[in-house]
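Reading through the structure tokens given below for one structure.
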Amino acid sequence: MTEARFDEIVHAPQRLRILAMLDAISGDVEFAALRDALGVADSVVSKHLKVLADADYISVRKAAALGRQRTWIALTTQGSRAYAAHVASLREILGGTPHSAPADALAPADALAPDVVADVRQNGGGSASGTNRTVDGGLSR
């Protein structure tokens, strides 16, 4: 059972959405797919990815594919634990323990936005070669 722990890093709405998508995908997601799923500018995604990478909640790697540089993001073990603990904390705030929260409260990401998760899985999920975890000032595609 995951110990509930509210996490200010995870709690920011866009970062919470990023971690929920990465948790639902259980693999690498391309930067552009995250950006499109969030519906925000590259700079907004880059800012949130930098915060998550600095906390070691995600890994970021760049790989050349089809003649251009692509950025891939994956949830780390530490990030997965932080996300699970934060969700457990939110469930407690809603008035239930992780085992007694209402079925529709804080449902898995698949239940919250199946069309978004399916789109990310189809267009940006999966894996690519490369292992560079360096996060620089420009996390753009």
**OP:** Step by step, work out the side chain to side chain contact (heavy atoms under 4.5 Å, CB included) result for R61 and D28.
**Re:** CA-CA 10 Å; R61 64 185 168 79; D28 295 329; 2.2 Å; yes
**OP:** Would you name the heavy atoms of A85 and E3 that are closest together and state the gap between them?
**Re:** CB-O, 3.2 Å
Subject >> Nearest heavy atoms of R35 and A41, plus distance in Å >> reply: CG-C, 4.3 Å
Original post:
Can you check side chain to side chain contact (heavy atoms under 4.5 Å, CB included) on D42 and F31, steps first, answer last?
Top reply: CA-CA 9 Å; D42 287 8; F31 179 95; 3.7 Å; yes
So, taking the atom named [atom1] in [X] and the one named [atom2] in [Y], what distance separates them when rounded to the nearest 0.5 Å?
X	Y	atom1	atom2	result
I58	H48	CD1	NE2	11.5 Å
L38	R17	CG	CZ	5.0 Å
K62	Q69	NZ	CD	6.0 Å

With distance as the sole test, does [X] use its side chain to make a donor-acceptor pair with the main-chain N or O of [Y] at under 3.5 Å?
X	Y	result
T76	Y57	yes
R15	I9	yes
Q78	A55	yes

**OP:** Would you check, one step at a time, whether the test side chain to side chain contact (heavy atoms under 4.5 Å, CB included) holds for H86 with L16?
**Re:** CA-CA 9 Å; H86 187 75; L16 182 59; 4.1 Å; yes
Original post:
With a 4.5 Å limit on heavy-atom distance, are the side chains of K50 and V60 in contact?
Top reply: no
**OP:** Determine the sole option in I73, L34, L75 for which the side-chain contact (heavy atoms from CB on, under 4.5 Å) test with M21 is passed.
**Re:** L34
**OP:** In sequence, state the C-alpha distance, the side-chain angles, and the governing distance for Y83 and L22, and then conclude on side chain to side chain contact (heavy atoms under 4.5 Å, CB included).
**Re:** CA-CA 10 Å; Y83 173 71; L22 292 172; over 6 Å; no
Original post:
With sequence neighbours excluded, what pairs up with R81 under the salt bridge (charged side-chain N to carboxylate O under 4.0 Å, His left out) test?
Top reply: none
